[in-house]
K.L.:
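Structure in structure tokens, see below.
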Amino acid sequence: MQARTHQPLLSIIVHGHDIQGLLGACLDSVAAQLPPEAELLTAAVGATAQDVAVRDGGTVVPLPEGTSDAEARAAGAERAQGTWLWFVRAKDRLPVGAVRTLLDRLAAVPDEVDVVVMDHVRSTWRSTGRSGADTGRLARAGRRDVTLGRVPDLLRVTPLLGNRALRASFWRAHETELGDPDEMFAARAALTLADRIACLDQVTVDMRQLRRESLPPVTAEQRFGLIDSYERLQRMMSERDTPARPRAVLYDLMATEAMRIVARETMPDAVAREFFHRASAAAVRWKPEGYRRPGGLGGVRRGLLEEDAYTKYRAFQAVNQRRRKLKSAVRNGKKQFGAKVRDLRYQRALREPATSDLAVFSAYWDRGVACNPAAIAAKLADLAPHIHPVWVVSKAAEPLLPPGTDRVVPGTDRYWEVMARATYLTNNVNFPNAIVKRPDAVHLQTHHGTPLKKMGLDQRDYPTASKGLDFDALLARVDKWDYSVSANSHSTRMWEHAYPSHYTSLDYGYPRNDVYYNATAADIRAIRERLGIAPGRRVVLYAPTHRDYEASWTPRLDLAALSDRLGDGTTILVRGHYFYGGTASPLASLRRTGRVLDVSAYDPVEDLALASDALITDYSSIMFDYANLDRPIISYADDWETYAATRGTYFDLMAEPPGHVARTEDELTEILATDTWSDEASAKARTHFRRRFCEFDDGRAAERVVRRVFLGEREENLPPIVPVESRTPAPTPEEANA
């Protein structure tokens with residue numbers, strides 16, 4: 001890290017206790033992306049100078065055993081030099097690029113702003129990076145600075161200090177309230193006390209949600225303390241003459257959370273009864289003038305709460321539970337009937353005329369806006385703005401969509417209506433079997449990679465790869481295609497016998513690869529800055545593929561040894577999760593210094609390719625896309641024979657590689673540690689590979705697809721494909737920094 005000669009803009013205060021050994025991973029995630037404008041202070045019980053010494057500039061704030069989280073925050077803030085304070089719990093992590101994202105936002109806010117509220121994701125022991133409702137709330141608030149009275153729903157943003165940055169002067173002026181032991185109170189007090197608030201609808205922190213079974217049980221005092229905290233917030237709002245709308249939102253939050261705890265949390269009856277009594281008193285005391293209860297059963301429950309009728313409430317709940325069980329039994333018997341009704345509605349919609357300006361997009365089994373469909377949709381907005389795009393996305397993917405994205409969730413009434421009425425349906429996999437191909441609709445299959453491994457019907461001789469595949473159903477889906485996008489003649493031929501049907505091949509290139517010719521030097525510098533990569537560092541992207549013959553992931557590279565040989569000047573970006581395990585591993589110090597970065601959750605992958613100087617992969621289709629950049633590619637093929645025998649391949653990669661081939665870790669290290677990785681032999685192999693597999697990619701693939709499919713232009717009027725030898729790829733990182 002560069003020496004700091006001025007006041008930092010941001011102080012990142014990692015605080016709390018080292019719960020379940022997670023502190024190391026937290027510090028690694030911060031230090032790996034720490035620029036000169038930010039400082040790291042570790043105010044965590046159990047942290048030592050040795051723990052953070054290798055994190056290049058981090059400061060330890062010594063804390064005695066028994067220090068509370070609130071005391072740790074205060075101790076860190078006292079030592080902080082930054083204009084802004086960011087309290088990060090010791091169990092949480094910062095995604096790659098988070099620090100730069102926040103710094104850019106802080107640099108743009110006016111002096112009147114006291115708090116910046118940010119988005120976050122949650123991870124558990126079984127799931128990673130799950131988003132919530134905060135994404136939409138922050139997006140609706142926009143980039144302007146606001147008051148709480150103007151946007152009272154900001155109170156509904158998850159009340160944690162980790163998802164908001166506080167101006168240091170604001171913290172010191174209100175340290176009693178903001179330093180409160182109850183983090184919910186402190187987080188919402190910050191919004192109540194702030195003159196102006198700014199929002200950032202980008203994820204800046206991954207909050208680890210610990211298993212309840214691993215935590216101490218919640219005490220009766222903690223239960224009662226929740227109501228007390230809400231009442232203190234109400235008093236604060238009353239004293240400050242906070243407008244009515246935020247007070248009504250806070251009241252609704254208090255009543256809703258109290259009812260949720262009574263209904264769902266396990267408590268002794270005496271504790272539950274007393275909690276109900278205190279919540280009732282607060283509900284009556286702070287009920288806003290003119291406040292209307294919610295309708296339905298929720299309103300009945302609220303009425304019982306206001307009456308302090310705990311016994312009646314329990315009886316009411318018991319009746320409802322019995323009713324739900326009966327409804328569930330009836331519902332199970334009606335499932336087939338409901339499916340028939342839904343099918344009748346879908347069939348009726350199919351008989352209506354298609355909507356000529358409606359286009360449906362989906363990618364990777366409804367996981368979001370990505371890949372070739374995303375590039376086509378973006379170009380559609382430029383060339384055919386009269387066509388309205390609707391994305392099919394799963395419920396889990398909804399919060400991750402770009403603001404303003406029109407979407408439908410599979411199975412909903414609108415989903416079936418849109419699928420029936422759309423003229424254009426674009427996907428990089430197949431739509432479900434139930435989707436009917438109407439005669440006046442156009443189905444565009446974009447695929448999501450050039451095939452090295454066997455695909456479609458060609459998998460029939462490889463039971464490891466084809467287990468569970470219904471080939472008859474597959475062919476029925478393929479028969480719905482009108483067009484199939486291809487990046488090269490090899491793919492066109494392979495698709496023809498892997499997916500034999502009547503579609504037309506569009507030999508136009510992959511739209512997602514257009515960026516490899518259109519990205520500028522400024523784009524590449526910005527990507528590397530988001531990743532926390534300093535100018536002048538060599539960056540190697542390591543992106544291995546899945547093995548069908550493995551039941552679970554097997555690490556194939558000793559990244560610690562490889563990074564050690566390559567030295568401080570090289571950063572390895574790893575597109576995989578396997579090395580992010582125990583913090584005691586040799587990789588911990590490498591992650592801390594930014595020599596190894598986990599970019600498994602970073603999207604889009606094209607950014608990672610543009611930011612790198614070379615690619616290490618095995619049999620992943622990323623090699624075909626990356627070759628467009630005309631940068632070195634090393635094939636690490638330690639299990640080629642096993643992979644080829646179990647998965648099946650269309651050609652011998654060992655005979656026609658995109659660059660040097662390493663069969664052992666020693667060979668790979670030797671290639672990267674010397675000039676071999678970028679020598680003449682590497683360039684010669686890459687030239688041959690590009691001519692074969694980058695045949696149609698020249699930066700205008702999306703335009704050709706839109707003009708042909710959506711605008712109906714004739715083939716001869718489309719932009720001609722530029723020969724490989726006449727193309728100019730995006731600048732290398734070295735050229736971008738020249």
K.L.:
Quick one: do Asp603 and Arg575 make a salt bridge, cutoff under 4.0 Å?
P.N.:
yes

K.L.:
Just by distance, with hydrogens left out, do Arg537 and Thr571 show a side-chain donor and acceptor under 3.5 Å apart?
P.N.:
yes

K.L.:
Between Glu177 and Phe185, what is the shortest heavy-atom contact and its length?
P.N.:
O-CE2, 3.7 Å

K.L.:
Looking only at atom types and distance, does a side-chain atom of Arg565 sit under 3.5 Å from a main-chain N or O of Thr669, one as donor and one as acceptor?
P.N.:
no

K.L.:
Return yes if a side-chain donor-acceptor contact under 3.5 Å exists between Ser612 and Tyr626, otherwise no.
P.N.:
yes

K.L.:
Sub-3.5 Å donor-acceptor pair from the side chain of Asp201 to the main-chain atoms of Leu138, do we have one?
P.N.:
no

K.L.:
Go through the structure and list residues passing ring pair (Phe, Tyr, Trp, His ring centres under 6.0 Å) with Trp171, not counting sequence neighbours.
P.N.:
Phe87

K.L.:
Flag the pair Glu37 and Arg100 as a salt bridge only when some basic side-chain nitrogen lies within less than 4.0 angstrom of an acidic carboxylate oxygen.
P.N.:
yes

K.L.:
Return the OG1 to CG distance between Thr147 and Leu191, rounded to the nearest 0.5 Å.
P.N.:
11.5 Å

K.L.:
State plainly whether the residues Lys395 and Glu398 are in salt-bridge range, i.e. N to O under 4.0 Å.
P.N.:
yes

K.L.:
Please assess Ile197 against Val117 for the test side-chain contact (heavy atoms from CB on, under 4.5 Å), listing each intermediate value before the final yes or no.
P.N.:
CA-CA 7 Å; Ile197 303 164; Val117 185; 3.8 Å; yes

K.L.:
If you count heavy atoms of other groups shown closer than 6.0 angstrom to CD of Glu175, is the number above 12?
P.N.:
yes

K.L.:
Strictly distance-based, threshold 3.5 Å: is any side-chain N or O of Asp134 a donor or acceptor partner for the main-chain N or O of Thr158?
P.N.:
yes

K.L.:
Any heavy-atom pair between the side chains of Asp145 and Pro110 that's under 4.5 Å?
P.N.:
yes

K.L.:
Assess whether salt bridge (charged side-chain N to carboxylate O under 4.0 Å, His left out) is satisfied between Lys379 and Asp514, documenting all intermediate values.
P.N.:
CA-CA 11 Å; Lys379 184 58 67 175; Asp514 287 352; over 6 Å; no

K.L.:
Does a side-chain heavy-atom distance below 4.5 Å link Glu112 with Asp195?
P.N.:
no

K.L.:
Where do Leu160 and Ala187 come nearest, in terms of heavy atoms and distance?
P.N.:
N-CB, 3.5 Å

K.L.:
Around atom CZ of Arg172, are there more than 12 heavy atoms of other residues, nucleotides or ligands at under 6.0 Å?
P.N.:
yes

K.L.:
How long is the gap from CE on Met207 to CZ on Arg122, to the nearest 0.5 Å?
P.N.:
6.5 Å

K.L.:
Atom CZ in Arg528, atom CG in Asp523: separation rounded to 0.5 Å?
P.N.:
14.0 Å

K.L.:
With distance as the sole test, does Asp564 use its side chain to make a donor-acceptor pair with the main-chain N or O of Ala560 at under 3.5 Å?
P.N.:
no

K.L.:
Could you check whether atom CG of Asp382 has more than 12 heavy atoms from other residues, nucleotides or ligands sitting under 6.0 Å from it?
P.N.:
yes

K.L.:
Quick one: does any side-chain atom of His15 pair with a main-chain N or O of Val88 as donor and acceptor, under 3.5 Å?
P.N.:
yes

K.L.:
Determine whether a donor-acceptor pair (N or O, by modelled atom type, separation under 3.5 Å) exists between the side chain of Arg105 and the backbone of Cys199.
P.N.:
yes

K.L.:
Report the distance from atom CD of Glu183 to atom CZ of Arg73, rounding to the nearest 0.5 Å.
P.N.:
5.0 Å

K.L.:
Is the backbone N or O of Arg188 less than 3.5 Å from a side-chain atom of Thr192, with the two atoms forming a donor-acceptor pair by type?
P.N.:
yes

K.L.:
How far apart are the closest heavy atoms of Arg144 and Arg140, and which atoms are they?
P.N.:
NH1-O, 4.2 Å

K.L.:
Is there a side-chain contact between Asp618 and Ser620 in this structure, where contact means two heavy atoms from C-beta onward sitting under 4.5 Å apart?
P.N.:
yes

K.L.:
Are Asp119 and Thr135 close enough that a side-chain donor and a side-chain acceptor fall under 3.5 Å?
P.N.:
yes

K.L.:
Between Leu668 and Tyr542, does the side-chain contact (heavy atoms from CB on, under 4.5 Å) criterion hold? Intermediate values first, please.
P.N.:
CA-CA 12 Å; Leu668 177 63; Tyr542 175 47; over 6 Å; no

K.L.:
Please round to the nearest 0.5 Å and tell me the distance separating atom CG of Asp69 and atom CG of Asp182.
P.N.:
11.5 Å

K.L.:
Taking the side chain as C-beta and beyond, is there a heavy-atom pair between Val96 and Asp598 under 4.5 Å?
P.N.:
no

K.L.:
Atom CZ in Arg530, atom CD in Gln33: separation rounded to 0.5 Å?
P.N.:
12.5 Å

K.L.:
Can you see whether Asp607 engages Tyr602 through a side-chain donor-acceptor pair at a distance of less than 3.5 angstrom?
P.N.:
yes

K.L.:
Taking everything shown except Arg150 itself, do over 12 heavy atoms lie less than 6.0 Å from its CZ?
P.N.:
no

K.L.:
Between Leu541 and Ile622, does the side-chain contact (heavy atoms from CB on, under 4.5 Å) criterion hold? Intermediate values first, please.
P.N.:
CA-CA 11 Å; Leu541 173 60; Ile622 194 175; 4.1 Å; yes

K.L.:
State whether a side-chain donor-acceptor pair under 3.5 Å links Tyr517 with Asn628.
P.N.:
yes

K.L.:
Does a salt bridge link Asp568 with Arg595, judged by any charged N lying under 4.0 Å from a carboxylate O?
P.N.:
yes

K.L.:
Would you call Asp92 and Arg89 a salt bridge, using N to O less than 4.0 angstrom?
P.N.:
no

K.L.:
Between Asp697 (side chain) and Gly509 (backbone), is there a donor-acceptor pair under 3.5 Å?
P.N.:
no

K.L.:
Just do the side-chain contact (heavy atoms from CB on, under 4.5 Å) check on Leu200 and Arg143 with the steps written out, would you?
P.N.:
CA-CA 7 Å; Leu200 176 59; Arg143 303 286 287 188; 3.3 Å; yes

K.L.:
Counting C-beta onward and ignoring hydrogens, is there a side-chain heavy-atom pair between Leu562 and Asp558 closer than 4.5 Å?
P.N.:
no

K.L.:
Before giving the answer on side-chain hydrogen bond (donor to acceptor under 3.5 Å, both in side chains), spell out for Asn428 and Thr446 the whole-Å C-alpha distance, their side-chain angles and the decisive distance to 0.1 Å.
P.N.:
CA-CA 5 Å; Asn428 70 350; Thr446 73; 5.2 Å; no

K.L.:
With a 4.5 Å heavy-atom cut-off, do Met118 and Val205 have their side chains touching?
P.N.:
no

K.L.:
Which residue in the set Leu41, Ile13, Val60 passes side chain to side chain contact (heavy atoms under 4.5 Å, CB included) when paired with Arg79?
P.N.:
Leu41

K.L.:
May I ask you to decide if Ala543's main-chain N or O and Thr617's side chain share a donor-acceptor pair within less than 3.5 Å?
P.N.:
yes

K.L.:
Determine yes or no for a side-chain-to-main-chain donor-acceptor pair under 3.5 angstrom, with Glu735 supplying the side chain and Ala521 the backbone.
P.N.:
no

K.L.:
Quick one, Leu178 and Phe170 - any side-chain contact, counting heavy atoms below 4.5 Å?
P.N.:
yes

K.L.:
Are Arg512 and Asp625 close enough for a salt bridge, meaning some N to O gap below 4.0 Å?
P.N.:
yes

K.L.:
Give the minimum heavy-atom separation between Thr732 and Arg631, together with the two atoms involved.
P.N.:
CA-NH2, 3.5 Å

K.L.:
If I compare all heavy atoms of Gly368 with all of Ala397, which pair ends up nearest, and what's the gap?
P.N.:
N-CB, 4.4 Å

K.L.:
Just jot down the ring pair (Phe, Tyr, Trp, His ring centres under 6.0 Å) partners of Trp391, sequence neighbours excluded, or say none.
P.N.:
Phe361

K.L.:
Leu573 and Val599: which non-hydrogen atoms are nearest, and at how many Å?
P.N.:
CB-CG2, 3.9 Å

K.L.:
Is Trp84 close to Val109 at the side-chain level, that is, under 4.5 Å between some pair of heavy atoms?
P.N.:
yes

